[in-house]
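Everything on this sheet refers to the single structure shown next.
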Amino acid sequence: MFEKFEEEVRNCLKNVVSIDFKLEEPKGKYGDLATNIAFKLAKMYKKNPIEIADEIISKIKGDFRYISDIKNINGYINFYLNYEVFSKDLILKVKKEGNNFGRGERKGKRVVIEHTSANPDGPLHIGHLRNAIIGDSLARILRFYGYDVETQYYVNDMGKQIAILALGVRLFGIKEGVKKDHAIVEAYIKANELLEKDNKYVEEVRRIMLEYESGKNKEEIRRIVDLCLEGIRETLKRLNIKHDKFIYESDFVYNGDVDRILNILKNTKYYKENDTCYLDLKDFGIDKELVLKRSDGTTLYTTRDIAYHVYKSKNFDIVIDIFGSDHKLAAKQLEAVLKILNEKVPEFIIYEFITLPEGKISTRKGRYIAVDDLINECIKRAYEEVSKRRKDLDENKRREIAEKLGIGSLKYYIARTSPERKIVFNWGEVLNFERNSLPYIQYAYARICRILEKANVPENFGVKDLNENEKSLVKIISKFPKVVKESAENRNVHTIANYLLEIADVFHRFYNSERVLGSEKEDFRLNLIYATKIVMENCMNLLGIEPLEML
RNA sequence: GGGCUCGUAGCUCAGCCAGGAUAGAGCGACGGCCUUCUAAGCCGUAGGUCGCGGGUUCAAAUCCCGCCGAGCCCGCCA
């Protein structure tokens, strides 16, 4: 809605000046929108910007719905919002559109987002979590913005690590009575230990790999992989993260795609052979040669990944990959190869790692925190907190709140940090249930729910003489569509998370000094907080976090 | 050594892409606010050479160059 006000300001300025200008939101006690256009013109005409601003303002005329006043402050032209009319329009719109408020128009474009894609050799750990949360939320955001989004989990069910896993399962079996992915990783870790000790197992792994690529152990390995995925999916389900499709890497070998693409590449000038087949990508600024086939003839992860990306390129308009920063080179290589093949280059969302205070995460060495354990710990801590604060609630209710608050807090913590910032994992920070995190947001939401429980939101309401707290609330929620656009177009998730926090912040302030029930403005305020509630819900939906009516 | 990313208050971060009017939050510290819609809240005080040095500009945390510091990558692993 705020964009309507912007549009009005932009249009009236366009009628007066012909150069490009930028609108900004002043921070302090200035207008609701301002432009520095007078400074730009002052330079061009060598005149005082204050005079120019006056001149521009005098030329602006017409009937405006949302502009109530225009003032020249030190050369900045400030536009003031007509809050009475704007608030009414906004609230009516939000009420009418409900959970569709802020939704973008259909773009008619198919987007594929690949995320999580953790190797099926063990449970998800804290590093995968960031990938999954960013990917899932981005999918929700782009869908809401109007794209046709499909999410895919690329299952790396081929290559050395899977051969090692197969060896582990052959030798040690899969423990019963344990969550499948956790049982699988035990065999995997043991096999890795053997490999370090005894060379004969290295040869064994090589043989499994060779046989597998020719299709020999297909069923055996698929069974192990699917078992592990069963566990991973269970974890993702608890996190409210869903993939539309699971795409198996090995399928690109078996269906002939990999060979087909290798043949195409063979006829390019980049293709080279010695013991191996590789691409020389120096023309793309990559010194490192990209090996496509080992000397024993087997393909590599990258080879198969190229085939996967060609498939995505052919079936979608926009390809988005969520990658850890350790995959930056791989991304660059992939980009180069896809250019050679004349296929769509993906947009890479690169995130930095979450590290443990004691060092790097390694599934192979069993040094990681499983997401399952993390979730349980979050819920446990949330439960303690809820129990402390809500002794009046019964056990079941407290457990229910703790479950949602614990998982939501974890997701929120990761979603709100911009991806290029590395995170050193710290229980105290992740599980901060005091202020400024999800509980703070949920608390604002619960406060709204509590008021709305006690009164109906009247259909009709008058709006007049808004105070600062009311204005702030109106303004912040009116920006939601704009925030969605920004978040979607920049492909970032933390914008939404931070915006949601801002709404909660503004609401808490409002709540603290303005009475809703029993006030003279009860009708208006009920409508206002109801609209706030809807916008908060819409935000939480984009983050895959369930709003809590009570905490 | 080369490539990429990050460096904003004691700590954790937003703002940087699309440069503008006194750089925003939270934690921690100190001081206030519960007979009224949940105090998981609100208000106030203290705390900043926006890593350092140049440049572009009327204007730089934001753009450009150099340097310093931290992280990641540079496998016939994935």
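A note on names: the letters A, B, ... follow the listed sequences, proteins ahead of strands, and every chain is numbered from 1.
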Could you give the [atom1]-to-[atom2] distance, from [X] to [N], as a whole number of Å?
X: A:Y445; N: B:A40; atom1: OH; atom2: C1'; answer: 17 Å
X: A:Y440; N: B:C13; atom1: OH; atom2: C1'; answer: 15 Å
X: A:Y499; N: B:G24; atom1: OH; atom2: P; answer: 21 Å
X: A:R10; N: B:A18; atom1: CZ; atom2: P; answer: 15 Å
X: A:D523; N: B:C37; atom1: CG; atom2: C1'; answer: 15 Å
X: A:F348; N: B:U5; atom1: CZ; atom2: P; answer: 15 Å
X: A:F284; N: B:G2; atom1: CZ; atom2: C1'; answer: 20 Å
X: A:E489; N: B:A18; atom1: CD; atom2: P; answer: 13 Å

Ring centres of [X] and [Y] under 6.0 Å apart?
X: A:H327; Y: A:F348; answer: no
X: A:F323; Y: A:Y351; answer: no
X: A:F39; Y: A:Y76; answer: yes

Indicate, with a heavy-atom threshold strictly under 4.0 Å, whether [X] touches base, sugar-phosphate, or nothing.
X: A:L405; answer: base
X: A:D392; answer: nothing
X: A:A34; answer: base
X: A:R390; answer: base

As a test of reading the structure: which of B:A21, B:A39, B:U38 is closest to the side chain of A:M550, going by heavy atoms?
B:U38
The nucleotide from B:C37, B:A40, B:G41 with an atom nearest the side chain of A:L551 is B:A40
Check step by step if ring pair (Phe, Tyr, Trp, His ring centres under 6.0 Å) holds for A:F284 and A:Y270.
CA-CA 11 Å; A:F284 297 87; A:Y270 307 99; 5.5 Å; yes
Could you pull out all residues at least two apart from A:N469 that satisfy side chain to side chain donor-acceptor pair (under 3.5 Å)?
A:S513, A:E514
Does A:R304 use its side chain to pair, donor to acceptor, with the backbone of A:T299 at less than 3.5 Å?
yes
A:T35 side-chain N/O to A:K22 backbone N/O, donor-acceptor pair under 3.5 Å:
yes
Of all residues at least two apart in sequence or in a different chain, which pass the ring pair (Phe, Tyr, Trp, His ring centres under 6.0 Å) check with [X]?
X: A:Y511; answer: A:F507
X: A:F2; answer: A:F5
X: A:F79; answer: none
X: A:Y248; answer: none

Identify the residue among A:R207, A:R206, A:K160 that makes a salt bridge (charged side-chain N to carboxylate O under 4.0 Å, His left out) with A:D296.
A:R206
So among A:E6, A:E25, A:E486, which one has a salt bridge (charged side-chain N to carboxylate O under 4.0 Å, His left out) with A:K479?
A:E25
State whether the distance check finds a donor on one side and an acceptor on the other, under 3.5 Å, for side chain A:R447 versus base B:U38.
no
Flag as yes if A:Y30 stacks onto the base of B:A21 (centroids under 5.5 Å, planes under 30°), otherwise no.
yes
Can you check each nucleotide of nucleotides 57-65 of chain B against protein heavy atoms at under 4.0 Å and return B for base, S for sugar-phosphate only, - for none, in 5' to 3' order?
-B-------
Along nucleotides 68-78 of chain B, 5' to 3', which nucleotides get a B, which get an S, and which get a -, given that the test is a protein heavy-atom distance under 4.0 Å?
---SSSSBBSB
For A:E520, does the CD atom have more than 12 heavy-atom neighbours from other residues, nucleotides or ligands under 6.0 Å away?
no
In what stems does RNA chain B take part, counting only runs of at least 3 consecutive Watson-Crick or G-U pairs whose two distances fall under 3.5 Å?
B:1-7 with B:68-74, B:10-13 with B:24-27, B:29-33 with B:41-45, B:51-55 with B:63-67
Suppose the criterion is side-chain hydrogen bond (donor to acceptor under 3.5 Å, both in side chains): which pairs have a residue in residues 280-292 of chain A, not counting sequence neighbours?
none
If you define the side chain from C-beta out and look only at heavy atoms, does anything of A:N156 sit under 4.5 Å from A:I162?
no
If the glycosidic angle is within 90 degrees of 0 it's syn, otherwise anti, so just tell me which one B:C34 is.
syn
What pairs of residues pass the salt bridge (Lys or Arg N to Asp or Glu O under 4.0 Å) test when at least one of them lies in residues 408-417 of chain A, not counting sequence neighbours?
none
Whether A:K404 and A:E400 form a salt bridge (side-chain N of Lys/Arg under 4.0 Å from carboxylate O of Asp/Glu) is what I want to check.
yes
Nearest-nucleotide comparison on RNA chain B, the residue closer to the 5′ end among A:I401 and A:E25:
A:E25
Which is more 5' along RNA chain B, the nucleotide nearest A:K332 or the one nearest A:A446? Just name the residue.
A:K332
Could you list, one pair per line, each protein nitrogen or oxygen that sits under 3.5 Å from a nitrogen or oxygen of nucleotides 15-17 of chain B, together with the distance?
| from | atom 1 | to | atom 2 | distance (Å) |
| --- | --- | --- | --- | --- |
| B:G15 | OP1 | A:H494 | NE2 | 3.3 |

If you take any heavy atom closer than 4.0 Å to RNA chain B, which residues from residues 511-522 of chain A end up in contact?
A:Y511, A:N512, A:E514, A:R515, A:V516, A:L517
So, is A:R509 near the phosphate of B:G41, with a side-chain N or O under 4.0 Å from OP1 or OP2?
no
